[in-house]
Amino acid sequence: MSDHHDVIIHGHRGWRGSYPENSITGFIEATRLGVDALELDIVIDANHQIIVSHDPFMQHEICVKPDGSAITAEEEILLNIYRMQDAERLLYSNPPPVHPRFPDQKRVTSAVKPTLNEVVHAVTAFCDSIKRDIPLWNIEIKSQPDWDDIFHPQPREYVAYFLAQLRQLQLEDHCVVQSFDARILNEMHQQSPDVKLVYLSDAPEVSPEEKLSALGFKPFGYSPNFKLVTKETFDYCKKNDIELIVWTVNEESDMQAMIDLGVKHIITDYPERLMKLLKRKS
């Protein structure tokens with residue numbers, strides 16, 4: 001962990017506030033900044049390669065067509081990465097459009113949908129070059145039941161492909177794996193019980209205890225939307241020895257509230273803001 005007191009800073013999708021999300025450039029710059037963990041999302045393509053992308057399609061806010069023209073919200077769902085070969089996916093490598101919610105992102109040309117292998121090797125090489133430790137990998141598997149056999153395989157097969165890549169990259173002991181899909185986490189635990197697993201939540205009507213009851217084991221962590229986090233949430237996780245990892249905390253006042261509560265893992269699009277806040281407190 002870097003010199004951030006005892007707060008572990010997770011760069012969300014790399015450093016989304018300043019660089020295109022889930023891009024190699026964003027991951028390298030977040031690493032240069034000094035984040036403790038790199039949060040990223042993975043999907044799967046037609047060749048069963050693990051692709052770093054929040055969506056299993058070419059999302060219209062962050063992608064353009066191979067000819068540089070815009071993708072509409074109606075079209076995006078048809079641009080299904082699970083049905084794409086390398087040659088087609090790599091056509092989507094134009095500079096991304098200006099993000100409507102992150103207008104300060106730097107305009108850099110970076111592969112829109114790199115493989116996990118490409119990302120890990122690029123970050124590892126960069127860390128070697130500046131002689132720093134490799135950040136923790138916080139990997140979210142994108143999955144939901146109504147996407148089975150449309151945007152990804154069934155959980156057992158999906159997890160098997162993912163774990164094969166994780167083992168090849170020797171990341172099993174240097175990552176946490178998170179998902180909103182309890183089926184994925186249960187399958188991960190079945191196939192590789194030593195990997196640290198985290199259950200994501202955005203369900204205000206469900207308590208942590210109720211949410212975690214969907215798992216057949218006690219996970220390493222529980223990761224709710226920070227807006228759902230109360231002292232009771234914090235106390236429950238502490239009592240049960242479950243790491244509380246909150247997302248996505250972008251405003252300084254919210255960062256301060258999480259720190260005051262005692263939260264140790266904070267996922268943010270703006271890691272530089274959190275670093276400055278912690279530095280002022282030191």
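This structure is a prediction, so every number in the text was calculated from the model and none was measured.
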Rounded to the nearest 0.5 angstrom, the OG-CD distance for Ser18 and Gln105 is 8.0 Å
Output yes when Arg280 and Glu252 qualify as a salt bridge under the 4.0 Å nitrogen-oxygen rule, no when they do not. yes
Check: His265/Glu243 side-chain N/O donor and acceptor closer than 3.5 Å: yes
If we count only N and O atoms by modelled type, under 3.5 Å, do the side chains of His54 and Lys142 hold a donor and an acceptor together? yes
Looking at Leu274, is its backbone amide N or carbonyl O close enough to the side chain of Lys279 to form a donor-acceptor pair, meaning the two atoms are under 3.5 Å apart? no
Distance-only side-chain donor-acceptor flag, Ser207 / Glu209, under 3.5 Å: no
Leu244 to Pro224 - nearest heavy-atom pair and separation: CD1-CD, 3.6 Å
Between Phe226 and Trp247, is the side-chain contact (heavy atoms from CB on, under 4.5 Å) condition met? List the steps. CA-CA 5 Å; Phe226 83 93; Trp247 59 270; over 6 Å; no
Any chance you could measure Leu277, atom CG, to Glu251, atom CD, to the nearest 0.5 Å? 12.0 Å
For atom CZ of Arg156, is the number of surrounding heavy atoms from other residues, nucleotides or ligands below 6.0 Å larger than 12? no
Are Ile139 and Leu169 linked, directly or through other ILVMFWY residues, by side chains that come within less than 4.5 angstrom of each other? yes
Counting C-beta onward and ignoring hydrogens, is there a side-chain heavy-atom pair between His10 and Ile266 closer than 4.5 Å? no
Determine whether the side chains of Gln85 and Asp45 contain a donor N or O and an acceptor N or O closer than 3.5 Å. no
I'd like to know if the side chain of Asn186 pairs up with that of Gln190 as donor and acceptor (distance under 3.5 Å, no hydrogens or angles considered). no
Decide yes or no on side-chain contact (heavy atoms from CB on, under 4.5 Å) for Val119 and Trp137, but give the supporting numbers first. CA-CA 11 Å; Val119 169; Trp137 296 98; 3.9 Å; yes
Look at atom NZ of Lys227 and say whether more than 12 heavy atoms of other residues, nucleotides or ligands are closer to it than 6.0 Å. no
Indicate, with yes or no, if Phe126 and Tyr19 share a hydrophobic cluster defined by side-chain heavy-atom contacts under 4.5 Å among Ile, Leu, Val, Met, Phe, Trp and Tyr. yes
Could you tell me if Trp15 and Glu272 have a donor-acceptor pair between their side chains, going purely by distance under 3.5 Å? yes
Assigning hydrophobic clusters by single linkage (Ile, Leu, Val, Met, Phe, Trp, Tyr; side-chain heavy-atom cutoff under 4.5 Å), is Ile242 placed with Ile245? no
State plainly whether one hydrophobic cluster holds both Ile130 and Ile24, where clusters connect Ile, Leu, Val, Met, Phe, Trp and Tyr through side-chain heavy atoms under 4.5 angstrom apart. yes
Go through the steps to decide whether Ile42 and Leu40 satisfy the test side-chain contact (heavy atoms from CB on, under 4.5 Å), and finish with yes or no. CA-CA 7 Å; Ile42 64 99; Leu40 58 85; 3.6 Å; yes
Could you grab the distance from atom CD1 of Ile141 to atom CG of Leu197, nearest 0.5 Å is fine? 8.5 Å
For atom CG of Asp241, decide whether the heavy atoms of other residues, nucleotides or ligands shown that lie under 6.0 angstrom number more than 12. no
Just by distance, with hydrogens left out, do Thr72 and Glu75 show a side-chain donor and acceptor under 3.5 Å apart? yes
Would a 4.5 Å heavy-atom cut-off, applied to side chains only, mark Lys196 and Val177 as touching? no
Rounded at 0.5 Å granularity, tell me how far CD1 in Ile77 sits from CD1 in Ile71. 12.5 Å
If we count only N and O atoms by modelled type, under 3.5 Å, do the side chains of Thr115 and Asn117 hold a donor and an acceptor together? no
Are Ser179 and Asp181 close enough, and set up right, to give a side-chain hydrogen bond (donor to acceptor under 3.5 Å, both in side chains), and what steps lead you there? CA-CA 5 Å; Ser179 184; Asp181 191 341; 5.4 Å; no
Please determine whether a side-chain nitrogen of the Lys or Arg among Asp235 and Lys238 lies less than 4.0 Å from a carboxylate oxygen of the Asp or Glu. no
Under a 4.5 Å cut-off applied to non-hydrogen side-chain atoms, are His152 and Glu157 in contact? no
Judged by modelled atom types alone, do Gln191 and Glu187 share a side-chain donor-acceptor pair under 3.5 Å? yes
Measuring only between side-chain heavy atoms, which start at C-beta, is Met58 closer than 4.5 Å to Ser53? no
Do Ser192 and Glu172 have side-chain N/O donor and acceptor atoms under 3.5 Å apart? yes
Counting C-beta onward and ignoring hydrogens, is there a side-chain heavy-atom pair between Leu136 and Asp36 closer than 4.5 Å? no
Does a side-chain heavy-atom distance below 4.5 Å link Ile150 with Tyr82? no
For Val43 and Tyr158, which heavy atoms make the closest approach, and how far apart are they? CA-OH, 3.6 Å
Where Phe234 and Gly262 come nearest, the two heavy atoms and their spacing: CE1-O, 3.2 Å
For residues Asn22 and Asp41, determine if any side-chain heavy atom of one lies less than 4.5 Å from a side-chain heavy atom of the other. yes
What one should report as the nearest heavy-atom pair of Cys237 and Tyr222 is SG-CD2, 4.0 Å
CG (Asp67) with more than 12 external heavy atoms under 6.0 Å: yes
Heavy atoms of Val98 and Pro103 approach each other most closely as CG1-CA, 4.3 Å
Pi-cation contact, Tyr92 with Lys65 (under 6.0 Å, within 45°): no
Which residue in the set Leu278, Ile9, Val7, Thr268 passes side chain to side chain contact (heavy atoms under 4.5 Å, CB included) when paired with Met255? Thr268
Knowing that exactly one of Glu61, Glu29, Glu21 qualifies, which makes a salt bridge (Lys or Arg N to Asp or Glu O under 4.0 Å) with Arg16? Glu21
Are His48 and Tyr161 near enough that their ring centres are under 6.0 Å apart? yes
Are any non-hydrogen side-chain atoms of Ile184 and Val159 less than 4.5 angstrom apart? yes
What pair of heavy atoms forms the shortest contact from Tyr236 to Pro208, and how long is it? CD2-CB, 3.7 Å
Give a yes-or-no answer on whether the side chains of His60 and Glu76 include a donor-acceptor pair shorter than 3.5 Å. yes
What's the spacing between His121 NE2 and Leu116 CG if we round to 0.5 Å? 9.0 Å
Looking at CD1 of Ile62 and CZ of Phe102, how far apart are the two atoms once the value is rounded to the nearest 0.5 Å? 11.0 Å
Would you sort out whether Lys211 and Tyr199 count as a side-chain contact (heavy atoms from CB on, under 4.5 Å), showing the intermediate values? CA-CA 8 Å; Lys211 183 75 176 177; Tyr199 200 6; 3.5 Å; yes
With salt bridge (charged side-chain N to carboxylate O under 4.0 Å, His left out) as the test, would you mind laying out the steps for Asp148 and Arg183 before giving the verdict? CA-CA 11 Å; Asp148 285 356; Arg183 304 174 310 151; 2.6 Å; yes
